[in-house]
Structures are given as structure tokens and as C-alpha cells.
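This one's a predicted model, so the numbers in the text were calculated from it and none came from an experiment. Each ligand, and each atom within it, is numbered from 1 in the order the structure gives.
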Amino acid sequence: MKYPLAKPHIGKKEEHYALEALRSGVLSIGPKVEAFEERFARFVGTKHAVAVSSGTAGLHLALIAAGIKEGDEVITPPFSFVASANAILYVGAKPIFVDVDPHTYNIDSEKIESAITPKTAAILVVHILGQCAAMDRILSIAKKHKLKIIEDACESLGATQMGLDGRKRMAGTFGESGIFAFYPNKQMTTGEGGMIVTNSGKLDALFRSLRNQGRGKNREWLNHERLGYNYRLPEMSAALGLAQLEKITFLIRERQKMAAWYERCLALHAGRIIMPYVAPRNTHTYFVYTVLLPRGASREMIMQKLGRAGIATKPYLPSIHLFSFYRKRFGYRSGNFPVSEDVSKRVLALPFYIGLKKSDVAFIAHALARAMP
Ligand SMILES: *Cc1c(COP(=O)(O)O)cnc(C)c1O
């Protein structure tokens, strides 16, 4: 494909830092991870950040640390990457899906309360595609019903929301813990990797123990205090993370610039192609650039036509509850979460990576308009 869907932005600094790590002789549990954690916490504005081997691993640990266990229910949206719901299953709890908002595709905060039962223990909020869910409302529901909030911010690094109190906060910093992911298609990458952020010193220590086989602090290296995991991030990955973090403002601004190009080019077709909606108090950091096709248009045919023009596209995301595994285990079927399903049927992700030029975006937008029925 001439235009792939995503591409990481790797430069000299990444090469330099990764080489430094390789030549240092310390390939795990070393200074790069420490520095990466410290700078990441500073960037998002939390007291602590704990690096882990993936976003999924981070979600798993966040649910363990929140005390979510067998028999508990956790409210979460079906319009997400499968890992957010899977992590709930890892701890033996049950994901309770709540349909999404038709404009932002984030969990519909007005539908949360009717899904709460005596078994509900937490809300696993997902900030989808690059912008925050309606956190003022969600925080007040959580407070009223004494529920924990864990944020899957894997797609929304750097996204901000201005609260009703006038305070601007970043995705991942509203709940007791927030999780980020650094797979190569995210806003920044470490190859594979993730980060958990929290303001609690107690949780910070627990995350450090859990990711490292349940070990106690340094002096008790040989003692395993609890059931732990090997969810450590290698030094080479942390080296990449440091280099990416140094240019994170640039990485995010470039994404916003490319999104604005798409918006300008697609404005001519605004009646037929629905562009991303940014909620009033949000900033969007565009994990991917998606459009919504008209009901009844054959997405399959449009994708084929674009593919023939060298343009990669992807129906991102499918609704989790309709995956065969979830259908079989929980008996879900079409119609359970109509908004999520409608978006899943019509959404299309377009090529989106730093290096795309204005003329490339114009070409892709034009090809999309021509491929429409
Ligand atoms: C990418 C992603 C994850 C998990 O990330 P990995 O690092 O690939 O494990 C979790 N949730 C969402 C919504 C994601 O997009």
C-alpha cells in the first residue's frame, strides 16, 4: 500500500538512546525505565508512573490493585479495543457493557446508572480514539455509588478535558489509576509497552511489586510477597519512550494538524461523510482518524476501491460484545448495544501518520469521496 494506516515516527534520538541502553549492559530494571517513568508522570501531571510491558498488562494490574475480584461487575463500553473488556475477565469479574454516545463514541454517561447493581465495583472508562469521556458526570456517579474509576487512556495520550470546576486535566488522571499503551500505532511508541499512572503512593508500590513477580522492595528481592507477574518494560523500550516523550508535543500537534487537513478536505462532503466530533471541553489527540459512512453505504466496496488506489483503511473498531468469544460466553447478540453497533458498522479509519503531507490527505479524501456510492 502506498498509504499504510499507521507508521511510527522514529528518528536519530530513538536510535541513540536505544544504543545507549544496549551498550550500558543493563537491559532490564535500569535507569532508562526510571527516567521514563519520572518524565511521563510529569507530562500527564500525576505523582507516580509505573512502566509495564503493555497497555493490557497495565489494565490487568490496575484491576487487581483496585481489588476487583470474582463475582464483581465492572461497567465499561463495548466500543473499545478488546483488551479493556478482557482485562476485567482476567480478574474473574464480569464486564457490564453500557452503550456509547453517538457523537464521541465514548461511554454514554446517562446510561451508566441504570446498569449499576449491588455487584458493581468499578467503572472502567475508555477514552476512545483520542478524547476523554464525560468525566464530570462519571465522577459524580462513581462518588454517589462508591465505585472505583479506572481509566483506559491507551488511545488518548495527551488529550485534555476542562472540568466544570474550570480545571483542565489529562486523560488518565481522573480515576484512581490510568493506563497508557505504546504499541507502534499509538500517539507514541516503545515497540510494546505501557504505563500506569496514579497519585497514590500505596498503589504505586503495589504496581511495582505486581509487575515484578510480587517482589518486595529492594532489600527483600528474594521474597515474593504476593502473586505477581513479569510485566516489566525492557530498558531498550524505555529508551524509545524517552526519545518519544521528548517530542510528544510535536507528535500530538502533528496529529491535530493532519486531522484539520482531513476536516478541510472532507468538508465538501460533510453531508455524506461524518467527521470526528470533538466535545466542547475536550482536546482531541487523534489516535486514528476515522470517518462515519452513511447508513446503507457498502463499506466493503469503498474499502476495496480505496485499496486499489493504494490507500489502506480499516473498520475500526468492531463492538466487543459481538466477538464470537463474548457471544458464546455471555449470550450477546446484535441489537444489544445499538449505538455501538451502528458506529462499528459505519466507521472507517483512514491513513494517519506523521509524514503524510497536505497533498496526500487531499488525495485520500478525494479518493474516499469518489469511492462513495
Ligand atoms: C491499544 C489499546 C490497549 C492495549 O494496548 P497493548 O499495549 O496493545 O496491550 C488497551 N485499550 C485500548 C482502548 C487500546 O486502544
Side-chain angles (χ1 to χ4, degrees), residues 5-8 33 36 40 49-64 74-91 95 97-98 100-101 104-107 122-133 149-159 170-172 174-175 177-197 207 210-211 229-234 236-238 240-241 244 255 276 284-290 314-321 323 326 340 343-344 347 349 352-353:
L5 220 47
K7 223 195 278 189
V33 166
F36 182 35
F40 194 89
V50 181
V52 286
S53 52
S54 71
T56 308
L59 287 166
H60 186 192
L61 297 191
L63 286 156
I64 294 173
V74 178
I75 289 175
T76 200
F79 189 76
S80 174
F81 181 60
V82 70
S84 53
N86 280 353
I88 296 168
L89 298 178
Y90 293 169
V91 296
F97 293 119
V98 166
V100 297
D101 175 89
T104 64
Y105 319 150
N106 268 314
I107 192 164
I123 306 174
L124 176 54
V125 179
V126 182
H127 303 300
I128 206 71
L129 299 179
Q131 73 174 318
C132 290
I149 291 194
I150 297 157
E151 295 169 74
D152 179 338
C154 292
E155 298 193 355
S156 295
L157 176 64
M170 269 198 198
F174 295 86
S177 59
I179 295 90
F180 296 87
F182 309 126
Y183 188 73
N185 66 347
K186 310 273 175 180
Q187 284 92 340
M188 63 167 270
T189 186
T190 62
E192 295 281 0
M195 191 73 83
I196 319 173
V197 299
F207 289 137
L210 285 169
R211 75 165 174 194
Y229 304 83
N230 177 359
Y231 284 167
R232 296 182 299 258
L233 185 74
M236 291 79 74
S237 290
L240 292 183
Q244 298 260 293
R255 296 182 99 79
H284 203 307
T285 62
Y286 300 95
F287 161 54
V288 287
Y289 191 85
T290 60
K314 201 172 167 188
Y316 195 87
L317 302 139
S319 293
I320 298 172
H321 67 286
F323 288 134
Y326 276 84
S340 179
V343 175
S344 289
V347 73
F352 197 68
Y353 49 87

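Between the side chain of Gln131 and the backbone N or O of His284 there is no donor-acceptor pair closer than 3.5 Å.
Atoms of ligand 1 found under 4.0 Å from any heavy atom of Lys186, numbered from 1 in the order shown, are 1 (C), 2 (C), 3 (C), 14 (C), 15 (O). The distance from ligand 1 to the heavy atoms of Ala181 drops below 4.0 Å at these ligand atoms: 5 (O), 7 (O). Those atoms of ligand 1 that come under 4.0 Å of a heavy atom in Ser80, given as number and element, are 13 (C). Heavy-atom contacts of Glu155 reach the following atoms of ligand 1: 13 (C), 14 (C), 15 (O) (cutoff under 4.0 Å). Every atom of ligand 1 is numbered from 1 in the order shown, and the set under 4.0 Å from a heavy atom of Ser54 is 7 (O), 9 (O).
Between Ala181 and Gly55 the shortest heavy-atom distance is CB-CA, 3.8 Å.
A cation-pi arrangement is absent between Lys186 and Phe180 under the rule of less than 6.0 angstrom and at most 45 degrees off the ring axis.
Residues His321 and Tyr326 place their aromatic rings such that the two centres sit no closer than 6.0 Å. A centroid separation of less than 6.0 Å is found between the aromatic rings of Phe182 and Phe40.
Put simply, the side chain of Ile150 reaches to within 4.5 Å of the side chain of Ile179, judged on heavy atoms. Side-chain contact between Pro77 and Phe97 is absent, with no heavy atoms from C-beta onward closer than 4.5 Å.
Classified by interplanar angle (parallel below 30°, tilted 30° to 60°, perpendicular above 60°), the ring pair Phe174/His127 is tilted.
In this structure, the protein non-hydrogen atom closest to atom 8 (O) of ligand 1 is Tyr183 CB, 4.2 Å. Annotation: atom 7 (O) of ligand 1 to nearest protein heavy atom, Gly55 N, 2.8 Å. Of all protein heavy atoms, the one lying nearest to atom 12 (C) of ligand 1 is Asp152 OD2, 3.5 Å.
Checked by distance only, ligand 1 and Ala83 stay at 3.5 Å or farther apart across all their nitrogen or oxygen atoms. For ligand 1, one of its N or O atoms has an N or O atom of Thr56 under 3.5 Å away.
Closest heavy-atom approach to atom 3 (C) of ligand 1 within the set Ser156, Ala87, Cys154: this belongs to Cys154.
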